[in-house]
Amino acid sequence: MSDRLDGTVALVTGASSGIGEATAVALADQGAAVALVARRAERLEELAGKIRDDGGTALVLAGDVTVERQAREVVERTVTELGRLDTLINNAGVMLLGPVVGAPVEEWQRMVEVNVLGLLYCAHAALPHLLSAADDDPRHVADLVNISSVAGRVARSGSAVYNATKHGVGAFSEGLRQEVTGRHVRVSLVEPGATDTELSGHNRPEVLEGIKKRFSGVERMRAEDIADAIGYVVTRPRHVAVNEMLIRPTEQT
Ligand code: NDP
């Protein structure tokens with residue numbers, strides 16, 4: 001049994017491509033009005049156009065989640081313009097891999113800023129609204145979904161700092177879950193494996209080569225596969241909380 005999202009409002013970070021884009025479409029299909037957040041405004045406008053053409057409601061909010069003020073502003077504008085906030089999909093992320101020894105430290109700074117601080121800023125700004133939505137019609141429950149990774153469960157040589165950021169997301173999610181679940185804000189952790197998106201394209205050429213080699217025989221998941229899982233998580237009846245979901249391509253070891 002699943003609950004549709006009619007009358008609810010969802011904010012998706014990192015909605016300009018990949019998993020975030022597919023998730024915004026999936027939530028709009030379920031009836032949610034969606035606020036689309038990322039830095040590339042033109043990509044968000046294109047996506048909003050598609051959602052509106054299909055009869056949905058979409059609000060474009062260009063912003064950088066690593067700037068605390070901007071993270072707060074996108075949340076506040078969502079509530080002002082769409083009336084409430086029931087669902088936060090904390091999805092924006094970067095993955096810059098490679099050995100620790102000799103790594104460009106600015107890559108670590110970007111990952112910590114986006115994957116950890118950006119996610120925390122959005123959660124902090126959204127929580128008061130999620131708590132009030134959980135008290136309210138139509139569902140009497142709200143959802144905060146943090147997108148981690150298989151890398152948040154298993155550390156590997158060559159991805160230590162990305163592992164550190166995603167393990168951090170897991171720890172934060174569990175601590176926050178215990179804090180707010182009694183007030184019917186469900187905190188969920190979704191941990192995808194290799195998914196065909198723009199994510200690995202930001203790596204240095206020699207690192208990208210290694211990633212390609214590692215996954216050469218693996219049919220990657222599509223962004224829609226993960227959006228489907230997120231859609232499942234946020235449409236459970238009020239008394240069911242999916243705390244954690246680990247999803248790998250069948251061929252990924
Ligand atoms: P993409 O690169 O396709 O999407 C990343 C999104 O994050 C983009 O929309 C990008 O938008 C946004 N983003 C990056 N930095 C910022 C920022 N500072 N402020 C706002 N938005 C930002 O990758 P995926 O869809 O694959 O990644 C989504 C999530 O899934 C990430 O957290 C990633 O770690 C996780 N994941 C992905 C896996 C995969 O194999 N693809 C596997 C496991 C986890 P813009 O550049 O326009 O700001």
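Order of listing sets the numbers, starting from 1, for every ligand and every atom in it.
- Side-chain N or O atoms of Arg186 include none that pairs as donor or acceptor with a backbone N or O of Val141 at under 3.5 Å.
- Atoms of ligand 1 lying under 4.0 Å from at least one heavy atom of Ile19, given by number and element, are 25 (O), 26 (O), 30 (O), 37 (C).
- Electrostatic pairing of Asp136 and Arg84 counts as a salt bridge here, judged by a charged N lying under 4.0 Å from a carboxylate O.
- Close contacts of ligand 1 with Ser149, meaning ligand atoms under 4.0 Å from a residue heavy atom, involve 43 (C), 44 (C).
- Counting heavy atoms closer than 4.0 Å to ligand 1, residue Met95 contributes nothing at all.
- Electrostatic pairing of Glu73 and Arg77 does not count as a salt bridge here, judged by no charged N lying under 4.0 Å from a carboxylate O.
- Using 4.0 Å as the threshold, Asp64 has a heavy atom nearer than that to some atom of ligand 1.
- Evaluated by nearest non-hydrogen atom to atom 44 (C) of ligand 1, the leading choice among Ser148, Gly93, Ser200 is Ser148.
- Note on ligand 1: Ala151 sits outside its first shell, no heavy atom being nearer than 4.0 Å.
- Scanning Ala22, Gly14, Gly63 for the heavy atom closest to atom 20 (C) of ligand 1 points to Gly63.
- Interface of Tyr162 with ligand 1, defined as ligand atoms under 4.0 Å from a residue heavy atom, comprises 33 (C), 34 (O), 36 (N), 44 (C).
- Side-chain atoms of Thr87 never come within 3.5 Å of backbone atoms of Leu85 as a donor-acceptor pair (strictly under, hydrogens ignored).
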| request: Take Ser16 and Arg39, measure what side chain to side chain contact (heavy atoms under 4.5 Å, CB included) needs, and give me the verdict at the end. | output: CA-CA 8 Å; Ser16 61; Arg39 293 165 303 175; over 6 Å; no

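- Listed by number with element, the atoms of ligand 1 under 4.0 angstrom from any heavy atom of Thr66 are 18 (N).
- Glu244 and Arg177 are not joined by a salt bridge, as no carboxylate oxygen comes within less than 4.0 angstrom of a charged side-chain nitrogen.
- Not a single heavy atom of Glu21 lies less than 4.0 angstrom from ligand 1.
- Here Ala194 has backbone heavy atoms under 4.0 Å from ligand 1, and that is the only part of it that gets that close.
- Within a 6.0 Å sphere centred on NE2 of His124, other residues, nucleotides and ligands contribute 12 heavy atoms or fewer.
- Here the heavy atom of the protein found nearest to atom 43 (C) of ligand 1 is Pro192 O, 3.0 Å.
- Atom CZ of Arg110 is surrounded by 12 or fewer heavy atoms from other residues, nucleotides or ligands within 6.0 Å.
- Residue-level proximity to ligand 1 for Val65 is carried by backbone and side chain together, each with a heavy atom below 4.0 angstrom.
- In terms of protein heavy-atom proximity, atom 16 (C) of ligand 1 is closest to Arg39 NE, 3.7 Å.
- Relative to atom 1 (P) of ligand 1, the option among Gly193, Ser17, Gly18, Gly152 with the closest non-hydrogen atom is Ser17.
- Ionic pairing of Asp196 and Arg222 is not present here: no N-O contact between side-chain nitrogen and carboxylate oxygen is shorter than 4.0 angstrom.
- Using a cut-off of 4.0 Å between Lys/Arg side-chain N and Asp/Glu carboxylate O, Glu68 and Arg72 are scored as salt-bridged.
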